[in-house]
Amino acid sequence: MTETTQTQEAIPVRNQWWDVWDQFKTHRGAVIGGAFLIFITLFVLLGPYLWQVDAQKLDIRNKDMRPFYVGLISDVKWSWSRPLGTDHLGRDIMANLIQGGQISMAVGWTAMILSLFLGTLIGVLAGFFKRLDGILMRFTDLVLSLPLLPILLVMMLLFRDPLRAAFGPETGIFILIVSGIGITSWMHTARIVRGDILAIKEREFVLAARSIGTPPRRMITRHLLPNVMSPIMVSATLGLASAIITESALSFLGLGFPSDFPTWGKILFDSVDRMASFPERVIWPGLCISLTVLSVNYIGDGLRDALDPRIRGL
Amino acid sequence: MLDAAPSKKPLVEVRNLKMHFPIYAGLLRRRVGEVKAVDGVSFDVYEGETLGLVGESGCGKSTCGRALLRLYEVTDGSITIDGVDIATLSNSDLREKRPTMQMVFQDPQASLNPRMTVQAIIQEPLDEHTTLSTKEKQQKVYELMDAVGLNRRFAGRYPHAFSGGQRQRIGIARALALNPKFIVCDEPIAALDVSIQAQVVNLLEDLQEQFGLTYLFISHDLSMVRHIATRVAVMYLGKIVELAPREALYASPLHPYTEALLSAVPEPDPSLEAKVERIILQGDVPSPANPPKGCNFCTRCPKVMPICREVEPQTREVRPGHFAACHLHEITSQPAGKTAAQEANERQHGE
């Protein structure tokens with residue numbers, strides 16, 4: 001016994017994250033989703049260096065060009081220098097997709113993380129501290145019952161100019177949009193998290209931790225949060241999608257980013273009225289949004305499985 | 001492990017412990033009453049002994065055990081463990097006191113966090129109360145795993161990968177991590193297979209010898225309590241009805257409830273089994289929210305007397321070290337009265 005244990009101690013314990021990675025790899029959708037997300041992130045980040053066309057340059061003579069795959073099979077105006085065509089002002093669609101992607105991804109991720117943070121915080125506080133439960137949940141109901149778009153519009157009207165003055169036009173609007181989306185979309189996460197915390201709080205291992213003398217804050221980080229990871233992960237993946245889409249809706253209403261500032265959602269909405277003659281202008285940004293959202297969904301799925309020791313089979 | 005020597009010093013003194021849970025009802029959620037889960041319990045646990053706490057489901061055994069470690073805010077009474085009254089201690093002082101008293105839980109599945117490895121589970125008390133280095137903690141966890149008979153190789157695994165008995169060993173190792181003096185075992189064997197039960201109980205006995213532990217062993221398994229306990233307390237509806245050294249209790253129970261409880265223990269020999277006379281209690285346990293007037297057991301007692309429905313019996317030492325709360329034995333002080341009362345009682349039943 002002693003001999004075996006001696007050798008046991010010599011072997012370093014394998015890092016748990018390797019097991020998580022091994023499980024993650026077995027989820028094919030998650031791996032494909034991860035690869036696509038890396039691809040699209042690199043595409044929007046490195047794109048400007050590889051495709052050095054100014055997205056905002058107006059080129060009226062070359063307006064309404066069709067993409068190369070249409071040009072190759074039929075007789076329309078197209079050029080290899082504008083592979084995905086141009087819009088009605090002659091702006092390059094490819095360059096717009098790259099620049100718009102940066103904004104959309106940044107807005108999506110930041111707003112999602114903000115709403116997730118708020119939702120988890122409020123959910124955990126409401127679920128764990130009985131005294132805060134009533135007040136926090138009624139507040140959640142209150143925010144939930146507010147109509148989202150009018151609120152955002154009012155926020156834009158009230159805070160747009162001061163923020164622009166303070167942080168510059170682009171950063172100001174970015175902060176406004178991200179916080180606007182973040183603080184209007186945390187409620188579902190909060191409700192789900194609260195429900196789960198209420199259930200887990202009554203489990204015996206929490207009682208065991210109390211008998212050890214674990215203080216509430218470590219009880220939350222050590223015992224409660226790891227056990228509500230799955231619902232948080234699911235609402236995170238859904239949150240990213242809805243953040244990107246809400247941003248598009250705001251841009252569509254003319255209250256998002258300024259008109260010379262493309263986002264995927266805005267490119268999409270700008271092109272809707274001429275969709276029949278130029279389908280590529282909606283297809284590409286639409287594909288970008290839905291594939292990004294889909295890949296994040298799959299990654300969330302895979303991560304949820306990989307982080308659950310029961311599924312990991314250890 | 002000898003029968004309790006009264007000269008021993010009590011480690012835990014419980015006096016008039018009450019644990020009432022409020023009931024809220026109606027539109028305004030007003031307090032309409034309370035569930036008297038534990039209603040005025042007093043007992044001592046001597047150093048190095050095992051006090052068995054038995055009773056049927058819902059009689060308040062587990063609540064009593066949990067209140068003892070102040071996992072609930074007690075309604076009334078005092079709990080003195082190792083010289084300190086923990087019932088009124090402030091939260092920070094209570095935290096300092098936690099290492100002396102630990103608990104082993106009933107359901108080993110539920111009492112281990114499914115997201116933590118065995119290493120992390122056993123290490124948690126060390127993280128909370130010691131300033132050991134990571135290496136020292138690791139070493140201590142290995143030692144604890146050896147002590148409860150778990151292979152060191154399992155340290156990196158998660159609870160779901162273990163059998164019930166192994167999980168209970170993990171729970172015991174966690175309880176031992178801080179070298180406690182007093183451990184409340186809350187039905188530690190109820191969720192286990194019979195073959196595993198014996199292993200775990202033997203492990204608990206070995207550990208008691210090794211570390212000089214004091215147990216409060218909560219169970220409804222009377223034969224197991226007979227095996228492990230030095231003294232046994234019987235609870236009924238939030239009260240202790242009888243408290244006696246093991247042999248005395250099993251040989252000559254004083255309280256009618258204890259008699260009924262003991263008569264329900266199965267007899268393995270079928271030829272003897274046929275001859276066993278069982279006392280079958282009628283009816284159900286009354287609701288602890290609305291206990292009967294007088295003696296709690298008066299609604300089901302086979303030896304009930306008129307006084308039982310009126311006056312609550314006081315706990316008294318009927319024989320040395322043998323306490324009971326029953327009107328039958330209040331009259332026993334005078335030997336002549338005893339027979340008279342019993343005769344009267346038997347006559348009542350005969351009719």
Side-chain angles (χ1 to χ4, degrees), chain A residues 1-20 23 130 133-134 196 199-230 232-233 304-314, chain B residues 62 65-66 68-72 91-92 94-99 101-117 119-121 124-129 135 138-139 142-143 145-146 149 151-161 171 174-175 177-178 180 183-184 186:
Chain A
M1 180 69 191
T2 21
E3 272 174 68
T4 51
T5 48
Q6 290 298 317
T7 49
Q8 277 305 308
E9 279 168 68
I11 303 166
V13 181
R14 192 168 181 251
N15 194 326
Q16 287 167 38
W17 291 106
W18 284 112
D19 300 324
V20 174
Q23 171 65 33
K130 210 171 180 182
D133 189 22
D196 271 33
I200 292 168
K201 202 175 71 168
E202 299 304 322
R203 300 266 295 274
E204 257 183 356
F205 64 82
V206 174
L207 201 67
R210 268 178 56 207
S211 79
I212 286 165
T214 309
R217 70 201 128 87
R218 278 203 287 281
M219 189 92 81
I220 289 169
T221 53
R222 193 182 290 153
H223 294 288
L224 297 177
L225 279 183
N227 281 295
V228 289
M229 268 325 257
S230 342
I232 291 179
M233 209 80 96
R304 197 192 55 207
D305 288 0
L307 289 176
D308 189 337
R310 268 162 298 193
I311 295 174
R312 207 153 71 224
L314 279 175
Chain B
S62 290
R66 288 174 183 189
L68 231 57
L69 299 189
R70 224 176 100 201
L71 295 175
Y72 298 131
N91 275 337
S92 54
L94 184 65
R95 198 174 121 75
E96 296 296 310
K97 192 77 186 138
R98 288 276 182 213
M101 45 192 198
Q102 287 290 312
M103 189 157 185
V104 176
F105 289 88
Q106 172 174 14
D107 185 351
Q109 163 84 34
S111 65
L112 306 174
N113 186 341
R115 299 274 171 146
M116 282 163 89
T117 59
Q119 165 83 36
I121 289 170
E124 190 183 2
L126 302 173
D127 288 338
E128 287 302 329
H129 292 285
K135 189 113 187 126
Q138 175 90 43
Q139 193 53 43
Y142 282 154
E143 281 165 20
M145 288 179 76
D146 290 346
N151 194 323
R152 291 185 179 197
R153 212 176 306 167
F154 297 157
R157 299 202 186 170
Y158 289 88
H160 70 93
R174 170 175 62 187
L178 294 167
I183 297 185
V184 174
D186 184 5

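In what follows, chains are A, B, ... by sequence order, proteins preceding strands, each numbered from 1. Side chains are part of it too, since the values below use all heavy atoms of this structure and drop only hydrogens, waters and symmetry mates.
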Okay, B/Met116 and chain A: the region with an atom under 4.5 Å from a heavy atom over there is side chain
Bottom line for B/Tyr72: the part with an atom under 4.5 Å from chain A's heavy atoms is backbone
The interface call for B/Leu71 against chain A, heavy-atom contacts under 4.5 Å, is both
Shortest non-hydrogen pair, A/Gly213 vs B/Glu128, comes out as O-OE1, 4.2 Å
Next on the checklist: So B/Asp127 and A/Arg222, do their side chains get closer than 4.5 Å, heavy atoms only?
Outcome noted: yes
Scanning both residues in full, the closest heavy-atom pair of B/Arg95 with A/Arg218 reads NH2-NH2, 3.9 Å
Chain B shares the most heavy-atom pairs under 4.5 Å, among A/Val206, A/Leu307, A/Asn227, with A/Asn227
Taking every heavy atom of A/Ala208 against every heavy atom of B/Ser111, the minimum-distance pair comes out as CB-O, 4.1 Å
Applying a strict 4.5 Å limit to non-hydrogen atoms, the region of B/Glu96 in contact with chain A is neither
Those residues at least two apart in sequence (or on a different chain) that pass salt bridge (charged side-chain N to carboxylate O under 4.0 Å, His left out) with B/Arg115 are A/Asp308
Those residues at least two apart in sequence (or on a different chain) that pass side-chain contact (heavy atoms from CB on, under 4.5 Å) with A/Ala209 are A/Thr214, A/Met219, A/His223, B/Glu124
Ranking B/Met103, B/Arg174, B/Lys97, B/Gln109 by heavy-atom pairs under 4.5 Å to chain A gives rank one to B/Arg174
**Asked** Side chains of A/Phe205 and B/Pro159: does their closest heavy-atom pair fall under 4.5 Å?
**Response** no
### Task
State, yes or no, whether a side-chain contact exists between A/Ser211 and B/Arg66 at a heavy-atom distance under 4.5 Å.
no
CG of B/Leu126 to CD1 of A/Ile212, rounded to nearest 0.5 Å, is 9.5 Å
